[in-house]
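Before any comments, here is the structure.
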Amino acid sequence: MGMTNEQIARVFDEIADMLEVSGDDFFRVRAYRNAARTVRECATSLSTMTPSQIRELPGIGEDLASKIETLIKTGELPLHRELSRKVPPGLVALLRVPGLGPKRVRALNQELGVRDLNTLKSALESGGIAKLKGFGPKLEQHLRQYLAQLDNKTPERLRYVDAAAIVAQLIGHMKKSSAIVRLEVAGSFRRKKDTVGDLDVLVESTEPEAVADALISFPMVKEVVARGETKTSVILQNGFQIDLRVVSRQSFGAALIYFTGSKAHGVHLRRIAQRKGLLLNEYGLYREGKMIAGQDEEGIYRALGLAWIPPELREDRGEIEAAELGRLPRLLELEDMRGDLHTHTTWTDGRATLEEMALAASARGLEYIAVTDHSRRLAMVHGLDPKRLREQWREIEKVQAKVPNVKLLRGIEVDIMEDGSLDLPNDVLAELDWVVASVHYKLNQAPNAMTKRLIKAIRNPHVDVIGHPTGRLINQREPSNFDLDEVLRVCREEGCALEVNSQPDRLDLNDVACLSAKRAGVRLVISTDAHHPRDFAAIEFGVSQARRGWIEAADVLNTRPLNELLRLRR
DNA sequence: GATCATACGATCGTCACTATTCATAGTGA
């Protein structure tokens with residue numbers, strides 16, 4: 001049978017969710033969550049491990065080991081099946097509603113028969129929720145607001161990273177077809193937008209039928225919505241749509257421009273073509289009915305008098321004017337990144353030891369990393385107080401001796417308190433090589449208060465950079481509201497940098513804010529916020545956002561060699 | 001459910017904030 005670690009982890013996570021709303025023992029729930037995490041992070045496939053090796057994993061005892069064995073052998077688990085039968089599927093989703101946890105969800109279910117978002121809505125309409133034990137008028141009001149906001153939300157777009165995972169599988173599958181000469185994924189995916197609504201797949205082929213068949217046989221496909229001569233559309237099990245277009249070699253470049261977009265970019269290009277007495281469409285660039293370009297993008301841009309424009313810039317935010325003048329930015333490249341200035345270890349909520357992180361950084365060829373664990377305000381992750389921070393410095397010294405080729409900077413991710421003060425005293429901060437200051441709670445402060453809070457932190461001379469400045473979590477949490485221009489002004493004045501956090505659900509600052517920062521003369525830091533060795537790879541996503549924001553290597557502090565970086569500190 | 005270790009039974013990351021029960025349960029980071 002065989003199951004991937006991710007699949008096993010998911011079963012355990014679902015069991016934990018279902019046990020939780022069933023009101024099962026909290027520690028049992030946590031045991032399943034821990035196990036899910038262990039399995040997910042295990043570097044070798046559990047299907048290839050012996051039972052005794054599995055038993056040795058931390059948090060996996062006799063019982064869970066045998067459950068894993070059952071899963072690998074049969075692909076399912078009686079406990080999971082039984083719980084799925086007992087617990088309404090929509091009930092688990094209610095745990096994600098702010099203000100609702102296992103206890104309240106259970107109460108809603110037992111007292112009012114609430115099973116999912118819809119029945120919750122009816123319960124709110126018919127009243128009575130506020131009378132439930134543990135519920136009151138305030139909470140009822142919050143729930144109403146939340147549900148109303150859900151209603152006007154546009155359908156969810158996938159995070160770039162999730163789209164990328166689908167693309168990787170899709171390409172692996174399609175490449176097996178010999179009918180495909182060339183394949184490119186266009187659309188917002190190619191422009192590296194932080195979220196992707198659907199996939200536009202462009203294929204060069206002389207056998208459109210065979211290419212369509214290849215797409216339709218992709219295992220994730222749930223439904224074929226359209227099938228024509230050159231266009232096929234399918235919907236995947238997760239609701240994501242893929243549009244396939246088969247084009248000829250001579251039109252490939254024109255189609256690539258057309259389907260990469262953005263729409264505004266395309267409109268602007270066609271206007272330029274018109275001005276020159278040309279016609280641009282998805283098949284090519286024509287003069288008096290005769291094709292003069294179309295096979296590749298460069299040729300079309302050239303014929304329009306433009307330099308080739310990187311997809312990340314194609315938003316009609318001035319890139320066409322810049323291309324006309326030969327003044328396109330020389331965008332930041334992945335290879336420009338020399339160090340990572342935001343990382344965590346097992347001293348707080350990291351999942352790997354300082355040594356493991358240092359070795360991973362070395363393996364990736366990084367020149368330096370800042371070890372920036374949390375400060376004490378984040379009690380849940382056992383945030384560092386001055387005493388433990390100093391203890392960490394001793395370990396940094398020891399690990400540095402073992403891993404000499406990556407410079408380990410003594411850092412902190414210090415919490416910005418509600419009033420803008422910092423969670424560690426200045427004399428301690430003064431001893432550090434690198435200080436990231438971040439907001440982790442009370443993210444929904446009024447805009448004025450949040451602006452003041454950030455500015456006070458920026459004015460602290462020890463702060464090098466503000467971490468994940470808006471606090472947004474893609475599809476989960478809105479960015480906090482503050483006056484970005486004012487914050488940028490003070491950053492510029494104080495020489496404080498802003499972070500582009502590369503975690504796939506943060507990407508914070510986003511592309512537009514990167515551009516604003518650049519225009520305001522504020523330096524950026526692109527970091528991964530790595531909690532695990534494999535997180536270092538996420539730098540790719542931060543770099544993409546920065547590229548979308550016209551960022552060049554010179555705009556980013558951690559493209560510099562170490563000595564230059566330290567000199568540039570304020 | 002795992003772990004530790006008085007080898008059975010206790011312990012398992014903490015703390016601040018919110019709403020309601022105004023001292024405490026529930027939630028969230």
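Being a predicted model, the structure only gives us computed values, none of them experimental. Naming convention: chains lettered A, B, ... in sequence-line order (proteins, then strands); numbering from 1 in each chain.
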Is [X] touching bases, backbone alone, or none of the nucleic acid, heavy atoms closer than 4.0 Å?
X	result
A:Asp25	base
A:Thr348	base
A:Tyr32	sugar-phosphate
A:Lys67	sugar-phosphate

Expressed as a whole number of angstroms, how long is the span from [X]:[atom1] to [N]:[atom2]?
X	N	atom1	atom2	result
A:Leu57	B:dA2	CG	P	12 Å
A:Ile68	B:dG1	CD1	P	13 Å
A:Leu83	B:dG1	CG	P	10 Å
A:His382	B:dC12	NE2	C1'	14 Å
A:Glu62	B:dG1	CD	P	12 Å
A:His374	B:dG13	NE2	C1'	13 Å
A:Glu56	B:dT3	CD	P	11 Å
A:Ile60	B:dG1	CD1	P	12 Å

Scan every strand shown for a Watson-Crick or G-U wobble partner of B:dT18, both distances under 3.5 Å, and answer none if you come up empty.
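With both distances under 3.5 Å, B:dT18 matches B:dA25.
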Who pairs with B:dG13 - Watson-Crick or G-U, where each distance is under 3.5 Å
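Partner of B:dG13: none.
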Could you go through the side chain to side chain contact (heavy atoms under 4.5 Å, CB included) check for A:Ile15 and A:Tyr32 one step at a time?
CA-CA 7 Å; A:Ile15 290 178; A:Tyr32 277 99; 3.9 Å; yes
Quiz question: by atom type and distance under 3.5 Å, do the side chains of [X] and [Y] form a donor-acceptor pair?
X	Y	value
A:Thr4	A:Gln7	yes
A:Ser421	A:Asp419	yes
A:Asp373	A:Gln392	yes
A:Ser66	A:Glu69	no

Among A:Gln503, A:His468, A:Glu413, which residue satisfies the side-chain hydrogen bond (donor to acceptor under 3.5 Å, both in side chains) criterion with A:His342?
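Running side-chain hydrogen bond (donor to acceptor under 3.5 Å, both in side chains) over A:Gln503, A:His468, A:Glu413 with A:His342 returns exactly one hit, A:Glu413.
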Cation-pi check for A:Tyr441 against A:Arg377: NZ or CZ below 6.0 Å from the six-membered ring centre and within 45 degrees of the axis, yes or no?
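Yes, A:Arg377 lies over the aromatic ring of A:Tyr441.
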Taking the six-membered ring for Trp and the single ring otherwise, decide whether the centroids of A:His374 and A:His382 are under 6.0 Å apart.
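Between A:His382 and A:His374, which both carry aromatic rings, the centre distance is not below 6.0 Å.
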For nucleotides 19-29 of chain B, just jot down a letter per nucleotide in 5' to 3' order: B, S or -, based on protein non-hydrogen atoms under 4.0 Å.
SSB----SSSB
Determine the Euclidean distance between corresponding [atom1] atoms of [M] and [N]; express it in Å to zero decimal places.
N	M	atom1	answer
B:dT21	B:dT27	C1'	16 Å
B:dT11	B:dT6	P	13 Å
B:dC12	B:dA5	C1'	15 Å
B:dA16	B:dA10	C1'	28 Å
B:dC17	B:dG13	P	23 Å

Please tell me which of A:Arg55 and A:Phe27 maps to the more 5' nucleotide of DNA chain B, matching each residue to the nucleotide holding its nearest heavy atom.
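Its nearest nucleotide lies further toward 5', so the answer is A:Arg55.
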